Q: 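Here it is: the structure, laid out below.
For clarity, every value in this text was computed on a predicted model and none was experimentally measured.
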Number of protein chains: 2
Amino acid sequence: MTKYEKQIYEIVNKLTGHLTADQIFSELKKSYPSVSLATVYNNLNKLCEAGLIRRVSMEGSPDRYDRSAKHDHLVCRRCGKLTDICFEDLTASLKQQLGEDFLAYDLKVYYICPECRRKTQAASI
Amino acid sequence: MTKYEKQIYEIVNKLTGHLTADQIFSELKKSYPSVSLATVYNNLNKLCEAGLIRRVSMEGSPDRYDRSAKHDHLVCRRCGKLTDICFEDLTASLKQQLGEDFLAYDLKVYYICPECRRKTQAASI
DNA sequence: TAATAAATTTAGAATTATTCTAAAAGGTGT
DNA sequence: ACACCTTTTAGAATAATTCTAAATTTATTA
């Protein structure tokens with residue numbers, strides 16, 4: 001693992017805030033002001049391919065990067081905010097119903113987050 | 001529903017091939033050679049907001065548009081090919097486990113499709 | 001029907017996330 | 001120290017999508 005690979009891995013795992021490449025770049029620049037965005041993308045891709053981190057692609061906003069530990073996501077349809085949830089593990093029943101081996105699965109649940117719900121109410125009064 | 005809205009809705013539902021905006025544009029041009037790509041995007045967005053069609057965002061390739069009827073997707077990690085599957089309906093148990101209402105959910109299962117598996121084998125001989 | 005208003009479409013520019021490229025820098029083993 | 005391989009860099013290139021402002025179409029009202 002190279003210096004930057006390790007740093008980026010740690011940022012993704014420490015700040016479990018579903019950061020974009022650009023946010024990771026900003027974070028990394030605090031300690032390494034000369035790092036370039038291309039390096040961030042290179043290493044994010046490497047880490048994803050190695051399965052050490054996980055890419056979460058979002059409609060209408062740049063990809064987020066997340067720790068690889070199994071968990072699911074609750075996504076606000078209005079503001080796009082991502083929240084971690086832990087729904088029951090579907091691996092066994094997926095394997096059974098598909099009759100086929102698979103690598104991973106991704107479950108996103110869409111809703112309107114409490115804040116956005118409040119805003120709508122306020123706006124409609 | 002405007003002319004183009006209806007046409008686009010029909011293309012998405014008739015050609016259940018998970019088309020990209022650009023593919024829909026090509027298809028639509030066959031009957032309406034003067035239509036513009038912006039119109040396609042406008043109407044796809046409107047149809048998505050109305051819940052009449054469904055956007056499927058894919059890592060590393062443009063968004064696909066799909067009929068809105070509930071179904072899940074099997075995605076090849078190598079070539080990106082999308083296949084429809086119908087896994088058990090999770091609505092009830094999600095609602096219960098979340099203790100919260102939600103709008104929809106999206107389940108993607110990643111695997112290596114038979115074709116890509118074959119290619120790898122051939123390459124490694 | 002004419003006049004006005006509202007919505008839709010168009011073409012092309014703008015934006016933006018991401019990848020590519022080629023050169024520079026770093027590190028490793030002999 | 002020298003050749004070799006990997007990583008990093010900066011900036012250009014690419015490509016999907018949105019934006020803008022004008023033009024056209026559709027709907028509404030007098």
Q: Mind checking if B/Asn42 touches a base, just sugar-phosphate, or nothing, with heavy atoms under 4.0 Å?
A: base

Q: Looking at A/Tyr4, does any N or O in its side chain come under 4.0 Å of the phosphate oxygens OP1/OP2 on D/dT9?
A: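 Checking A/Tyr4 against D/dT9: at least one side-chain N or O falls below 4.0 Å of OP1 or OP2.
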
Q: Would you indicate what A/Thr2 reaches in the nucleic acid, counting non-hydrogen atoms under 4.0 angstrom: base, sugar-phosphate, or nothing?
A: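 The residue A/Thr2 makes sugar-phosphate contact but no base contact.
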
Q: Check every atom of D/dA16, C/dA17, D/dT8 against the side chain of B/Pro62 and return the nucleotide holding the closest atom.
A: D/dA16

Q: Quick one: salt bridge (Lys or Arg N to Asp or Glu O under 4.0 Å) pairs with a partner in residues 15-28 of chain A, sequence neighbours left out?
A: A/Glu27-A/Lys30

Q: Counting only side-chain heavy atoms from C-beta out, which of C/dT9, D/dT17, C/dT18 sits nearest to B/Tyr41?
A: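 From the listed options, D/dT17 comes nearest.
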
Q: In whole angstrom, give the distance that lies between atom NZ of A/Lys6 and atom C1' of D/dT8.
A: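 These atoms are roughly 17 Å apart.
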
Q: If I take atom CG in residue A/Leu44 and atom P in nucleotide C/dA17, what distance separates them, rounded to the nearest angstrom?
A: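 So the CG-P distance, A/Leu44 to C/dA17, works out to 14 Å.
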
Q: Looking only at side-chain N and O atoms, does A/Tyr111 offer a donor or acceptor that is under 3.5 Å from a partner on A/Arg77?
A: no

Q: Does B/Lys95 qualify as a cation-pi partner of B/Phe102, given the criterion of NZ or CZ under 6.0 Å from the six-membered ring centre and within 45 degrees of its axis?
A: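 Judged by the rule, B/Lys95 and B/Phe102 form a cation-pi pair.
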
Q: Under 4.0 Å, heavy atoms only, any strand: does B/Ser34 hit a base, just the sugar-phosphate, or nothing?
A: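 Contact class for B/Ser34: sugar-phosphate only.
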
Q: How many whole angstroms separate atom CG of A/Asp22 from atom C1' of C/dT16?
A: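 The distance from CG of A/Asp22 to C1' of C/dT16 comes to 10 Å, rounded to the nearest Å.
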
Q: Quick check on the 6.0 Å ring-centre criterion: do B/Tyr32 and B/Tyr4 meet it?
A: yes

Q: Rounded off to whole Å, could you give me the CE-to-P distance for the A/Met1 and D/dT7 pair?
A: 12 Å

Q: Is A/Asp72 reaching over with its side chain to a backbone N or O of A/Phe87, donor-acceptor style, under 3.5 angstrom?
A: yes

Q: May I have the distance from A/Gln7 (atom CD) to D/dT8 (atom P), rounded to whole angstrom?
A: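 About 11 Å, once rounded to whole Å.
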
Q: If I take atom CZ in residue B/Phe25 and atom C1' in nucleotide C/dG12, what distance separates them, rounded to the nearest angstrom?
A: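 So the two atoms are 13 Å apart, to the nearest Å.
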
Q: Let me spell it out: for each of B/Gly60 and B/Ser36, pick the nucleotide of DNA chain C with the closest heavy atom. Which residue's pick is nearer the 5' end?
A: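 It is B/Ser36, whose closest nucleotide lies nearer the 5' terminus.
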
Q: Rounded to whole Å, how long is the line connecting atom CG of B/Asn45 with atom C1' of D/dC19?
A: 12 Å

Q: As a test of reading the structure: which of C/dA17, D/dT17, C/dT10 is closest to the side chain of B/Leu37, going by heavy atoms?
A: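 It is D/dT17.
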
Q: Measure from NZ on B/Lys29 to P on C/dT9 and round the result to the nearest Å.
A: 17 Å

Q: Respond yes when some side-chain nitrogen or oxygen of B/Lys46 is under 4.0 Å from OP1 or OP2 of C/dT8, and no when none is.
A: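 Answer yes for this pair, as a side-chain N or O of B/Lys46 is under 4.0 Å from OP1 or OP2.
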
